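Naming convention: chains lettered A, B, ... in sequence-line order (proteins, then strands); numbering from 1 in each chain. Quantities reported herein were computed from a predicted structural model and do not represent experimental measurements.
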Amino acid sequence: MTKQVRVRFAPSPTGYPHVGNIRTALFNWLFARHSGGKFIVRIEDTDVARKVDDALEAILEGLKWLGLDWDEGPEVGGDYGPYFQSQRLSLYREAAERLIRQGNAYYCYCSSQRLKEMREEQARRKQPPGYDRRCRNLSEAERAQKEAEGITPVVRFKTPLDGSTRFNDLIWGEVVFDHSTIDDLVLLKSDGYPTYHLANVVDDHLMEISHVLRAEEWLSSTPRHLLMYHALGFEPPQFAHLPMILGDDRAKLSKRHGSVSITEYREQGYLPETMLNFLTLLGWSLDDKTEIFSRIELTASFSLERISRTGAIFNQEKLNWMNGAYIRSLSPDDFTRRALPFLEKGLPDKVRRPLSMDYVRKVMPLVQERARTLAEIPELTEFFFTDELDYEPGLLIVKKMDRESSIQALVAVRNRIEHLQTFDTMSLETAVRPLADEMGLKTGQLFGTLRVATTGRMVAPPLFETMAALGKERSMERVSAALSKLRSL
RNA sequence: GGCGCAUUCGUCUAGCGGCCUAGGACACCUCCCUCUCAAGGAGGAGAUCACCGGUUCGAAUCCGGUAUGCGCUACCA
């Protein structure tokens with residue numbers, strides 16, 4: 001009988017939701033959903049000094065955007081609450097006191113000044129840094145003396161002086177640490193808040209967490225946690241340390257690598273399903289070929305065994321490709337719906353709002369397979385929405401043509417389409433295409449001239465679809481405008 | 001400095017002793033399709049599997065060492 005899987009994502013609201021943190025959340029969520037367990041969100045707000053005001057909101061928003069729903073935590077509650085560590089202070093104090101009573105922890109009165117000097121001295125002598133345990137064996141009298149001086153102590157864990165701790169990490173295998181390399185870490189700070197180490201162990205136990213999936217940077221503090229579990233008589237959970245996400249210089253991903261916050265990716269027009277898929281593949285793979293996974297496939301096939309151990313560089317190029325692939329797979333309606341907010345925001349101010357939905361629905365399919373992000377749609381389609389096209393008249397004269405032949409071409413086109421009853425792709429095609437031959441032009445030349453006349457640019461969606469979307473009136477106007485530009489040359 | 005971990009094409013990865021003259025994907029190049037751009041199709045180039053030894057009939061795969069990289073080494077998480 002195996003225990004129910006209960007995993008948690010435990011962010012600290014000291015910054016915005018970094019893709020690295022989100023990937024950790026994602027793996028926890030995937031693991032929970034795969035095994036029918038619970039996914040819990042717990043807020044580790046024990047660092048009062050570094051707290052950032054709207055970080056919590058951004059973190060929860062990021063999770064929701066990706067569809068990482070949690071079974072217990074902020075906003076939803078649960079039987080193991082509260083889910084904010086700042087509301088669980090008495091629990092940590094009790095645990096710390098118990099450890100002191102049992103002789104597994106002690107009060108330390110050393111000032112931060114002294115600790116700083118001690119570390120500097122150790123660095124100078126090239127000795128391993130770490131607390132020198134000055135307060136570990138204080139007598140009652142010495143303690144009373146310090147108390148009388150009004151010093152508020154911290155509580156430190158009494159790490160065994162010898163021996164070692166070994167554990168089996170689900171991803172890294174067996175790992176061993178000598179106790180001699182671990183110093184007496186702080187459990188309770190002088191402001192009464194616990195450190196990560198204490199709060200983590202107490203909460204993971206109380207919340208009956210079965211597996212701790214966290215970033216690799218925690219690997220070396222795991223023995224400390226194990227020591228605490230034993231001292232407190234708690235059964236430790238299973239550990240799985242996840243490989244890190246790196247920037248393109250192989251260093252830990254950070255601000256200077258560009259976007260790192262998940263909310264920035266949303267703003268840049270990446271789809272949540274892209275991010276979900278891409279982030280999962282950073283450190284996990286199913287086989288030697290599958291790249292695109294739906295949420296369902298992901299949860300169905302996810303497993304800890306297939307997580308790799310090496311840090312993965314965040315490859316923006318591949319993200320772009322994948323986002324394009326997801327955009328192409330959207331239904332035209334869905335694509336339009338998602339593009340709309342980006343259009344509202346990104347189109348020039350002079351374009352009248354609100355946008356005509358009928359028109360937007362006509363235009364969007366023309367760029368769906370060309371967009372790599374939603375944010376580039378306004379730029380791609382701007383000419384559909386503006387009245388006046390602003391371009392260099394010279395652009396109208398394409399390869400091996402001159403002013404005269406360009407004018408002739410446009411005049412011919414205008415005559416051809418002027419009396420068109422239906423102005424759709426097919427009728428335009430049958431009306432205009434033959435013109436090239438008749439005039440002794442290559443289709444590329446004719447179409448190129450027309451393209452610039454109707455869109456103001458040399459690169460645009462297919463000509464006739466574009467003109468059909470533009471409508472007869474607007475197309476005619478633009479051809480005429482192009483003609484006067486040419487004539488005034 | 002100490003401790004721990006890792007190391008397969010530029011990048012993400014497959015590989016868990018013979019199927020590997022190492023497979024896939026992104027990016028790159030060529031060609032096809034084609035009104036431009038995309039998309040799509042067909043090819044190509046790109047990894048002496050960090051290095052050096054060892055084990056074995058046989059190693060990318062196992063062992064040891066070296067190098068390099070990363071993480072931790074806070075009253076931060």
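Atom-to-atom, CH2 of Trp172(A) to P of rC5(B) comes out at 9 Å; the value is rounded to the nearest Å.
Listed nucleotides: rA77(B), rU36(B), rG1(B). Nearest to the side chain of Arg451(A): rU36(B).
Sorted by first and then second residue, the ring pair (Phe, Tyr, Trp, His ring centres under 6.0 Å) pairs involving residues 440-469 of chain A (not counting sequence neighbours) are Phe447(A)-Phe464(A).
Within the nucleic acid shown, Val176(A) comes within 4.0 Å of sugar-phosphate atoms alone, with no base atom in reach, counting heavy atoms only.
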What protein N or O atoms touch nucleotides 65-70 of chain B N or O atoms at under 3.5 angstrom, if any, and at what distances?
none

Dump the pairs, protein N or O against N or O of nucleotides 20-25 of chain B, anything under 3.5 Å, distances to one decimal.
unit_1  : atom_1 : unit_2    : atom_2 : d
rG23(B) : N2     : Asp288(A) : O      : 3.3
rG24(B) : N2     : Glu291(A) : OE2    : 3.4
rA25(B) : O4'    : Glu291(A) : OE2    : 3.1
rA25(B) : O2'    : Lys318(A) : NZ     : 3.4
rA25(B) : N3     : Lys318(A) : NZ     : 3.1

Using atom types as modelled, flag every donor-acceptor pair under 3.5 Å from a side chain in residues 150-164 of chain A to any protein atom, sequence neighbours excluded.
unit_1    : atom_1 : unit_2    : atom_2 : d
Arg156(A) : NH1    : Asp184(A) : O      : 2.7
Thr159(A) : OG1    : Asp183(A) : O      : 2.9
Thr159(A) : OG1    : Asp184(A) : OD1    : 3.4

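Judged by distance alone, the side chains of Asn323(A) and Thr373(A) never bring a donor and an acceptor atom under 3.5 Å apart. A donor-acceptor contact closer than 3.5 angstrom is absent between the side chains of Arg134(A) and Tyr109(A).
In this entry rU36(B) has no Watson-Crick or G-U wobble partner, no candidate having both defining distances under 3.5 Å.
No salt bridge links Arg214(A) with Glu44(A); every basic N to acidic carboxylate O contact stays at or beyond 4.0 Å.
Within the 4.0 Å cut-off from OP1 or OP2 of rA77(B), not a single side-chain nitrogen or oxygen of Lys51(A) is found. Between Arg125(A) and the phosphate of rG1(B), there is no side-chain N or O to OP1/OP2 separation shorter than 4.0 Å.
Near-neighbour residues of RNA chain B inside residues 106-115 of chain A, defined by a heavy atom below 4.0 Å, number-ordered: Cys110(A), Leu115(A).
By the ring pair (Phe, Tyr, Trp, His ring centres under 6.0 Å) test, His241(A) pairs with no residue at all, sequence neighbours left out.
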